[in-house]
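Below, read A as the first sequence line, B as the second, and so on, with proteins coming before strands; counting in each chain starts at 1.
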Amino acid sequence: MSKEYSPKDIEKKWQDIWDKEEAFKVGVDKTKPKYYALVEFPYPSGQGLHVGHPRPYTAMDIVSRKRRMQGYNVLFPMGWDAFGLPTENYAIKNKIHPKIVTKNNVEHFKNQLKALGYSFDWTKEVNTTDENYYKWTQWIFLQLFKKGLAYKSEMPINFCTSCKVGLANEEVVNGVCERCGSEVIRKMQSQWMLKITDYADKLIEGLDHVDYIEKVKVSQKNWIGRSEGAEVEFRIKDKDETLLIYTTRPDTLFGATYMVISPEHPLIEKYKAEIGNYDEIAAYREQASKKSDFERTELAKDKTGVCINGISAINPVNNKEIPVWVSDYVLMSYGTGAIMAVPAHDTRDWDFAKKFGLPIIEVVAGGDVQNEAFTDVATGKLCNSDFLNGMEVKDAKEAVTKWLEEKGIGHRKVNFKLRDWVFSRQRYWGEPIPIVKCPCCGYVPLDERELPLRLPEVESYMPTDTGESPLAAMRDWVETTCPKCGGKAERETDTMPQWAGSSWYFLRYIDPDNDKEFASKEALEYWMPVDWYNGGMEHTTLHLLYSRFWHKFLYDQNLVPCDEPYRKRTSHGMILGENGEKMSKSRGNVVNPDDVVDEFGADTLRTYEMFIGAFDLSAAWSMEGVKGCRRFLDRVWKLQDMMTEGDGYRSEIETKIHQTIKKVSNDFEGLKFNTAIAAMMALVNDFYKANSITKDEYATLILLLNPVAPHMTEELWEMYFGNGRAYQQKWPEYDEAKTVESTVEIAVQINGKVKATLMVGLDEDEASVKEKAHVIPVIAELTAGKNIVKEIYVKGRILNIVAKN
RNA sequence: GCCGGUGUGGCGGAAUGGCAGACGCAGCAGACUCAAAAUCUGCCGGGGGCAACCUCGUGCCGGUUCAAGUCCGGCCACCGGCACCA
């Protein structure tokens, strides 16, 4: 009898061996095909590894290990996205430098990851908070600045009235501060912005050339929100003034019965003197600006507004005079901040018109516009629209746009929902922005040779009362000289957002110790693009979009060899608590991976997380399920007691083995780890039924299972096969011809219902199969005296006899 | 409101339009044991029948097809994201 399977004895042993042998260290090797597998690097929080982390890591570890066995040179790196708020908050609370907090957390995380046996190349480890790393983050920022893609702008920020700090959008939950629950107001502040909107079209277009799961593509496209329409000028009556609007429905121009401008629209101030009810409008604007995000969403349905007295506009298509209103449902930040309102064919305009008794004119026939806005553009023809009458919406849109362009009162225009990226944070624990503000020269970049611009030691990490970064209090750091004129100047005190470091980390992995460039050309040429990147859906419109933007910019500067960074992108589902709810301390349903490893072993945790369900869907944790996976590994372990003297695959199980190799190989690539493991379980069950396994059969099983349960399979390999390590072996191959049985059981149906089964040769001809089927007593009986209308034979699967009375 | 996803046994979940429920969990029975646990073996959707079998069954209603969990049309429920984007 073999000794008992004891993960505790085995797992540490192999982790140490892999370390010592530098088993997964890679370099540029042009004799082999390269494969770059990437998982999102974690934020090293104080809580340590969550049971959700191992799911994507194990998945990509499996792919990496399999690819190595298939002869690829695989880069599978790991690092730390370590700047960020929780660390800073922890530092404030406990008066420990964030650097120390980060160091401790990273150490803890790394130990946990090592205990799970991942085949990361730890020589490529990066940490976004290392000077030698953020030096290059700053360097890329300077390139963006030099190309005019980084600029400073007055922007409203989210300001917590209680904490007195600026908050990122993600930190505002339902209009209140995520940390203290106090009201969040908008406050104007000068912010660094990145012009991601310049890349809006490229970011959409690039999606056509990459293999991302559809969900991700759709989300990114929706987020960028491209729309095609026209800008149209409306004359203001009795003034040498026009009001420019944006519309996606120029075809409905004849239905515009009033106009609406946003409360912040400059027109109001410009004609202050002529507006009869200026005070009323100013009061409305004041009220609108005070609305918190929470109120804005809550009150979204209830339209408010004020008509501007003394100002009216002329609809350019029919010269009709129409009123101009002010309402906060028109946003200054989109389009031109002014719209033409077509209540018959836009639900928001319809709501507004109904509330204020404005006329509703139908211009696309097909609905009942007095009762409901008719917004269907697919059906319906134009009416009440002069030269557009009778046209389809699409044709009318084109015709009227041409007409506007000819008359010089309008033109085609593409708009995006995507806004420029607010890149400033009034925080300590982030990359300092390498810019100096000089009273003579304006914003001046640091000389690249000055990088990295290090974070200074500060007394307090607390943001100041004014909402400035704690760096602002460091006068001796702030006060500097202008790199351009040498005069007195001040450093920028805002830092970069957490998304900065993660926007290019996959490039640094390639050549992490390079002090001349962020990575060498040669290494970039060899490794890029990332072949497969797996990460969370929650990063689709943030990290994933930001990093594509940076990468496209670097490509345009000739600094990287390809325009899209990731060839393939997949996403994993969340791991929920046993009760099906999101794991959280307050719900008391958190599972600690360390405990699972301790009780069952890392291989069991890995197997379970892959077996738990479809990889892209969320799945609830089950301790009973974990036990089942441990049982499976125990059964594989104990197969050693059933080993027979013979080698090769025995004929009675050969087909099953070839089928299993095929299924496991394909399922690993298709992220169907649960069915791959199920197939191996089924094979193991067969060995138990036979109560025997040959050496070669065992070897194949061990290698197939190696990517999932690397420690146990290495141990077994060493015990029985010895020749090198399991991870160094060739991935098992299957013979397509041997994956099919020569005789198969088919179902014989009558009128679609199974009545019997029949063994036939796979290549047996149809006539012979039919003949055999009709001899079956049940079939003969049921078809007796009936008219056989037709018989359908699907090779090796089914014979359906359609019989009628 | 818009976009996306998911609905299959007691549970997690399998099924290129071709025998629904693979594999696992739980449960039941047997073997081993003084006994229990562990392990091994077998059974395991509902209803009916002594039985061989019959019959119903993949959220709901309809359709296409020799054949539908799968395709089409119309709903419902739950989960996630976005949200006055003209």
Engineer: What's the NZ-C1' distance between A/Lys215 and B/rG4, to the nearest Å?
Structural biologist: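 Taking atom C1' of B/rG4 as the reference, NZ of A/Lys215 is at 8 Å.
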Engineer: Of A/Gly628 and A/Asn800, whose nearest nucleotide on RNA chain B comes first from the 5' end?
Structural biologist: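 With A/Gly628 and A/Asn800 compared, the 5'-side residue is A/Gly628.
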Engineer: Between A/Lys394 and A/Asp251 (salt bridge meaning N to carboxylate O under 4.0 Å), is one present in this structure?
Structural biologist: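 Salt bridge between A/Lys394 and A/Asp251, a charged N being under 4.0 Å from a carboxylate O: no.
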Engineer: For B/rU8 and B/rG13, measure between their P atoms and round to the nearest Å.
Structural biologist: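 Each nucleotide's P atom is 9 Å from the other's.
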Engineer: Pick the C1' atom in B/rG69 and in B/rG57, then give their distance to the nearest Å.
Structural biologist: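 Between the two C1' atoms, the distance is 11 Å.
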Engineer: Within this structure, what is the CD1-CG distance for the pair A/Ile798 and A/Leu758, rounded to the nearest 0.5 Å?
Structural biologist: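 Result: 12.0 Å between the selected atoms.
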Engineer: What integer number of Å spans the C1' atoms of B/rC3 and B/rG48?
Structural biologist: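 After rounding to an integer number of Å, I get 48 Å for this pair.
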Engineer: Whole-Å distance between B/rA68 P and A/Ile798 CD1?
Structural biologist: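 Distance check: A/Ile798 CD1 to B/rA68 P gives 11 Å.
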Engineer: By the 4.0 Å heavy-atom rule, please label A/Val330 as base, sugar-phosphate, or nothing.
Structural biologist: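 The residue A/Val330 makes base contact.
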Engineer: Taking a pair as Watson-Crick or G-U wobble with both distances under 3.5 Å, which nucleotide is matched to B/rG30?
Structural biologist: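 Pair assignment: B/rG30 / B/rC40.
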Engineer: Quick check with a 6.0 Å cut-off and a 45 degree axis cone: is A/Lys303 positioned over the face of A/Tyr329's six-membered ring?
Structural biologist: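 Yes, A/Lys303 and A/Tyr329 form such a contact.
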Engineer: What I want to find out is whether A/Arg630 reaches A/Asp634 closely enough, with some N-O distance under 4.0 Å, to be called a salt bridge.
Structural biologist: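 Counted as a salt bridge, because a side-chain N and a carboxylate O are separated by less than 4.0 Å.
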Engineer: Indicate, with a heavy-atom threshold strictly under 4.0 Å, whether A/Thr248 touches base, sugar-phosphate, or nothing.
Structural biologist: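 Counting heavy atoms under 4.0 Å across all strands, the contact made by A/Thr248 is with sugar-phosphate only.
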Engineer: Answer yes or no: is there an ion pair linking A/Glu781 with A/Lys786, defined by an N-O contact shorter than 4.0 Å?
Structural biologist: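 So A/Glu781 does not pair with A/Lys786 through a salt bridge.
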Engineer: Quick check on the 6.0 Å ring-centre criterion: do A/Phe632 and A/Phe611 meet it?
Structural biologist: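 Between A/Phe611 and A/Phe632, which both carry aromatic rings, the centre distance is not below 6.0 Å.
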Engineer: Could you check how far OH of A/Tyr608 sits from P of B/rG12, rounded to whole Å?
Structural biologist: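 Between P of B/rG12 and OH of A/Tyr608: 11 Å.
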Engineer: When you get a sec, tell me which of B/rA67, B/rA15, B/rG4 is the closest nucleotide to the side chain of A/Val218?
Structural biologist: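 Of the candidates, B/rG4 comes closest.
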Engineer: When you measure from the side chain of A/Ala678, which nucleotide among B/rA15, B/rA22, B/rA86 comes out closest?
Structural biologist: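 That would be B/rA22.
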Engineer: Assess whether one donor atom and one acceptor atom, taken from the side chain of A/Lys303 and the base of B/rC84, lie less than 3.5 Å apart.
Structural biologist: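 It does, because a donor-acceptor pair links the side chain of A/Lys303 to the base of B/rC84 below 3.5 Å.
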Engineer: Partner lookup for B/rU65, please. Criteria are Watson-Crick or G-U wobble with both distances under 3.5 angstrom; report none if nothing qualifies.
Structural biologist: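 Check on B/rU65: unpaired, no WC or wobble geometry under 3.5 Å.
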Engineer: Could you give me the CA-CA distance, side-chain angles and deciding distance for A/Lys627 and A/Phe600, then say whether side chain to side chain contact (heavy atoms under 4.5 Å, CB included) is met?
Structural biologist: CA-CA 8 Å; A/Lys627 277 190 212 163; A/Phe600 300 98; 3.9 Å; yes
Engineer: Sticking with atom P, work out how far B/rG46 lies from B/rA51, rounded to a whole angstrom.
Structural biologist: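 These two P atoms come out 15 Å apart once rounded.
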Engineer: For the side-chain contact (heavy atoms from CB on, under 4.5 Å) test, which of A/Ile409, A/Val324, A/Leu253 pairs with A/Phe234?
Structural biologist: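 One option only clears the test, and that one is A/Leu253.
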Engineer: How many Å lie between CG on A/Asn691 and P on B/rA31, as a whole number?
Structural biologist: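 The distance from CG of A/Asn691 to P of B/rA31 comes to 20 Å, rounded to the nearest Å.
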Engineer: Which listed nucleotide (B/rU16, B/rU41, B/rC82) is nearest to the side chain of A/Arg797?
Structural biologist: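 Looking only at side-chain atoms, A/Arg797 lies closest to B/rU16.
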Engineer: Does the side chain of A/Arg635 get closer than 4.0 angstrom to OP1 or OP2 of B/rU39 through an N or O atom?
Structural biologist: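 No, A/Arg635 has no side-chain N/O under 4.0 Å of OP1/OP2 on B/rU39.
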Engineer: In whole Å, measure the gap between the P atoms of B/rG7 and B/rC56 for me.
Structural biologist: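 Pairwise P distance, B/rG7 against B/rC56, rounds to 25 Å.
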Engineer: With a 3.5 Å limit on both atom pairs, tell me what B/rC11 is paired to, counting Watson-Crick and G-U wobble, or say none.
Structural biologist: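 B/rC11 is paired with B/rG24.
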Engineer: Would you indicate what A/Ser227 reaches in the nucleic acid, counting non-hydrogen atoms under 4.0 angstrom: base, sugar-phosphate, or nothing?
Structural biologist: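 Sugar-phosphate, backbone atoms only, no base.
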Engineer: In whole Å, what separates the P atom of B/rC71 from that of B/rC79?
Structural biologist: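 Rounded to whole Å, the distance is 25 Å.
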Engineer: Looking at the side chain of A/Thr675, which of B/rC23, B/rC25, B/rA15 is the nearest nucleotide?
Structural biologist: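 My answer, after comparing the listed nucleotides, is B/rA15.
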Engineer: Side chain of A/Asn685, heavy atoms from C-beta onward: which of B/rG24, B/rA15, B/rA14 has the nearest atom to it?
Structural biologist: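 The closest nucleotide is B/rG24.
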Engineer: Rounding to a whole Å, what distance do you find between A/Lys755:NZ and B/rA67:C1'?
Structural biologist: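 Roughly 14 Å, once rounded to whole Å.
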Engineer: Of the listed nucleotides (B/rC23, B/rC54, B/rA86), which one gets closest to any side-chain atom of A/Tyr334?
Structural biologist: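 Selected nucleotide (nearest to the side chain): B/rA86.
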Engineer: Would B/rG9 be called syn or anti, given that syn covers angles within 90° of 0?
Structural biologist: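 Glycosidic conformation of B/rG9: syn.
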Engineer: Between B/rC19, B/rA86, B/rU39, which one does the side chain of A/Gln749 approach most closely?
Structural biologist: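 The answer is B/rC19.
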Engineer: What does A/Asp634 touch in the nucleic acid at a heavy-atom separation under 4.0 angstrom: a base, only the sugar-phosphate, or nothing?
Structural biologist: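 Since no nucleic acid heavy atom lies under 4.0 Å of A/Asp634, the category is nothing.
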Engineer: Any donor-acceptor pair under 3.5 Å between the side chain of A/Glu624 and the base of B/rC11?
Structural biologist: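 No.
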Engineer: What nucleotide, of B/rA14, B/rC54, B/rC3, holds the atom closest to the side chain of A/Asn222?
Structural biologist: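 Output: B/rC3.
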Engineer: How far does the C1' atom of B/rU70 sit from the matching atom of B/rG59, given to the nearest Å?
Structural biologist: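 Between the two C1' atoms, the distance is 16 Å.
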Engineer: What is the pairing partner of B/rC82, taking Watson-Crick or G-U wobble pairs with both distances under 3.5 Å in any strand?
Structural biologist: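 B/rC82 is paired with B/rG1.
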Engineer: Taking CG from A/Asn666 and P from B/rA15, how many angstroms apart are they, rounded to a whole number?
Structural biologist: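 Computing the A/Asn666:CG to B/rA15:P distance gives 13 Å.
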Engineer: For A/Ala614, report the nucleic acid contact type (base, sugar-phosphate, nothing); a contact means any heavy atom under 4.0 Å.
Structural biologist: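 Touches sugar-phosphate only.
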Engineer: Return no unless some side-chain N or O of A/Lys663 is found under 4.0 Å from OP1 or OP2 of B/rA15.
Structural biologist: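 The answer is no; no side-chain N or O of A/Lys663 sits under 4.0 Å from OP1 or OP2.
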Engineer: Compare the minimum distances between each of B/rA86, B/rC19, B/rU39 and the side chain of A/Thr247, then state the nucleotide with the smallest one.
Structural biologist: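 Minimum distance to the A/Thr247 side chain belongs to B/rA86.
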Engineer: Without decimals, in angstroms, what is the distance between A/Met537 CE and B/rC82 C1'?
Structural biologist: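 Spelled out: CE on A/Met537 to C1' on B/rC82 is 12 Å.
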Engineer: Any side-chain N or O of A/Lys753 below 4.0 angstrom from OP1/OP2 of B/rC56?
Structural biologist: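 Yes, within the criterion.
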Engineer: For A/Ile801, which contact category applies under a 4.0 Å heavy-atom criterion: base, sugar-phosphate, or nothing?
Structural biologist: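 Answer is nothing: A/Ile801 stays at 4.0 Å or more from every strand.
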Engineer: Whole angstrom is fine here: how far is it from CZ in A/Arg631 over to P in B/rA26?
Structural biologist: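 Spelled out: CZ on A/Arg631 to P on B/rA26 is 5 Å.
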Engineer: Remember a base hit wins even if backbone is also touched, and classify A/Phe632 as base, sugar-phosphate or nothing at under 4.0 Å, heavy atoms.
Structural biologist: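 Answer is nothing: A/Phe632 stays at 4.0 Å or more from every strand.
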Engineer: Which of the following nucleotides, B/rA86, B/rU55, B/rG18, is nearest to the side chain of A/Val794?
Structural biologist: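 The closest nucleotide is B/rG18.
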Engineer: By the 4.0 Å heavy-atom rule, please label A/Glu745 as base, sugar-phosphate, or nothing.
Structural biologist: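 Here A/Glu745 touches the bases of the nucleic acid.
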Engineer: Pick the closest RNA chain B nucleotide for A/Asp346 and for A/Met574 by heavy atoms, then say which residue is nearer the 5' end.
Structural biologist: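 Upstream on the strand: A/Met574.
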Engineer: Using the P atom on both, measure B/rC23 against B/rA77 and round to a whole Å.
Structural biologist: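 It works out to 37 Å between them.
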Engineer: Taking atom types as modelled, is there a side-chain donor on A/Asn534 or A/Thr570 under 3.5 Å from an acceptor on the other?
Structural biologist: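 Judged by distance alone, the side chains do pair up.
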